[in-house]
Amino acid sequence: MAKKILMLCGDYCEDYETMVPFQTLQAVGHRVDAVCPGKKKGESIATAIHDFEGEQTYSEKRGHNFVLNADFDAVQAADYDALVIPGGRGPEYLRLNPQVIAIVQHFFVENKPVAAVCHGAQLLAAAKVLNGRTCSAYPACRPDVELAGGRYADIAVNAAITEGNLVTAPAWPAHPEWLAQFLKLLGTKITL
């Protein structure tokens with residue numbers, strides 16, 4: 001059964017962490033509403049491409065213009081079955097928006113599936129939904145997870161972890177595992 005999924009986006013969210021789940025979830029029949037505070041359907045966010053090129057941290061380059069397909073101001077969290085939070089730099093400032101925080105909290109109060117990757121943990125930490133929970137994220141977000149009372153899952157960059165309604169992963173190389181675990185939480189059956 002198709003689910004209605006909300007994706008919280010922001011300028012400079014990581015390109016792959018925005019585009020890949022958006023397209024994958026639609027490809028298996030779900031509806032995904034990608035929204036950004038202060039922007040309307042048809043407007044776009046700038047994405048960033050983060051890569052692992054041998055330095056001590058990832059590199060960052062300008063990505064694509066990702067077109068939003070729903071209005072943030074029209075979002076009623078109760079209308080959605082699940083939530084996706086891409087990483088990148090978007091969560092860094094989205095966590096300052098009280099309406100975004102309330103939306104994230106709704107999904108935890110109602111125990112609805114949530115998938116967060118990379119720096120998406122910054123938004124989870126700000127929403128105070130990590131206390132006592134295990135959460136993976138980009139390693140630089142470990143302090144955010146732990147200061148929010150969570151247990152940081154130090155897993156491989158291509159791995160993911162599910163605890164209850166929450167699926168998390170360190171970065172985009174984990175997409176196959178992260179999305180597979182999220183689809184399982186959604187009850188999605190794929191037959192070939």
Side-chain angles (χ1 to χ4, degrees), residues 5-18 20-21 36-37 45 47-60 77 80 82-186:
I5 302 169
L6 181 64
M7 179 181 276
L8 290 173
C9 303
D11 281 317
Y12 294 100
C13 272
E14 209 288 326
D15 189 85
Y16 298 154
E17 294 168 3
T18 306
V20 172
C36 175
I45 60 164
T47 65
I49 296 172
H50 296 115
D51 208 351
F52 307 99
E53 301 178 284
E55 289 81 17
Q56 292 177 326
T57 189
Y58 55 84
S59 63
E60 181 174 86
Y80 291 90
L83 175 66
V84 174
I85 303 172
R89 292 200 352 251
E92 178 182 289
Y93 72 88
L94 290 176
R95 64 185 169 172
L96 303 176
N97 184 309
Q99 191 174 352
V100 169
I101 295 298
I103 289 169
V104 172
Q105 290 170 337
H106 164 83
F107 286 89
F108 285 87
V109 168
E110 297 299 322
N111 201 37
K112 296 178 182 180
V114 176
V117 63
C118 197
H119 286 72
Q122 291 178 316
L123 192 44
L124 299 175
K128 299 180 180 171
V129 297
L130 292 179
N131 192 33
R133 299 187 74 120
T134 301
C135 175
S136 181
Y138 188 71
C141 297
R142 181 180 193 142
D144 298 88
V145 171
E146 292 175 343
L147 287 168
R151 292 178 301 278
Y152 178 75
D154 189 3
I155 58 177
V157 72
N158 62 349
I161 187 167
T162 299
E163 182 179 281
N165 69 318
L166 178 62
V167 180
T168 55
W172 60 261
H175 277 157
E177 188 61 31
W178 180 64
L179 287 167
Q181 289 182 36
F182 187 52
L183 289 171
K184 185 176 179 182
L185 272 185
L186 293 172

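For reference, positions follow the sequence shown, starting with 1.
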Nearest-0.5 Å distance that lies between atom [atom1] in [X] and atom [atom2] in [Y]:
X      : Y      : atom1 : atom2 : result
Phe182 : Leu166 : CZ    : CG    : 10.0 Å
Arg151 : Ser136 : CZ    : OG    : 13.5 Å
Leu183 : Trp178 : CG    : CH2   : 10.0 Å
Asp51  : Asp15  : CG    : CG    : 11.5 Å

Any pair counted as salt bridge (Lys or Arg N to Asp or Glu O under 4.0 Å), so long as it reaches residues 84-93, sequence neighbours left out: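 Listed once each, the pairs are Glu60-Arg89.
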Can you list, pair by pair, the side-chain donor-acceptor contacts under 3.5 Å of residues 125-133, counting residues two or more places apart and other chains?
{"residue": "Arg133", "atom": "NH1", "partner": "Asn165", "partner atom": "OD1", "Å": "3.2"}
{"residue": "Arg133", "atom": "NH2", "partner": "Glu163", "partner atom": "O", "Å": "2.8"}
{"residue": "Arg133", "atom": "NH2", "partner": "Asn165", "partner atom": "OD1", "Å": "2.8"}

Nearest non-hydrogen partners of [X] and [Y], listed with the distance:
X      : Y      : answer
Thr134 : Ala153 : CG2-CB, 3.7 Å
Pro86  : Leu8   : CD-O, 3.1 Å
Ala174 : Ala169 : CB-CB, 3.6 Å
Gln181 : Val167 : CB-CG1, 3.8 Å
Pro113 : Phe107 : O-CD2, 4.4 Å
Pro21  : Tyr16  : CD-O, 3.4 Å

So does [Y] get a backbone contact from the side chain of [X], meaning a donor-acceptor N/O pair under 3.5 Å?
X      : Y     : result
Asn97  : Gln99 : yes
Lys112 : Tyr80 : yes
Glu14  : Gly87 : no

[Y] and [X], any side-chain heavy atoms less than 4.5 Å apart:
X      : Y      : value
Cys141 : Tyr152 : no
Pro91  : Cys13  : yes
Asp144 : His119 : no

How about Trp172 and His175: are their ring centroids closer than 6.0 Å?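 Judged by ring-centre distance (under 6.0 Å), Trp172 and His175 do not meet the cut-off.
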Run the side chain to side chain contact (heavy atoms under 4.5 Å, CB included) test on Leu94 and Ile85 for me, step by step, so that the C-alpha distance in whole Å, both residues' side-chain angles and the decisive distance to 0.1 Å come before the verdict. CA-CA 10 Å; Leu94 290 176; Ile85 303 172; over 6 Å; no
Val84/Val114 under side chain to side chain contact (heavy atoms under 4.5 Å, CB included): CA gap, chis, key distance, verdict: CA-CA 6 Å; Val84 174; Val114 176; over 6 Å; no
Before you tell me yes or no, could you show the steps for Thr57 and Tyr138 under side chain to side chain contact (heavy atoms under 4.5 Å, CB included), namely the whole-Å CA-CA distance, both residues' side-chain angles and the distance that decides it to 0.1 Å? CA-CA 10 Å; Thr57 189; Tyr138 188 71; 3.4 Å; yes
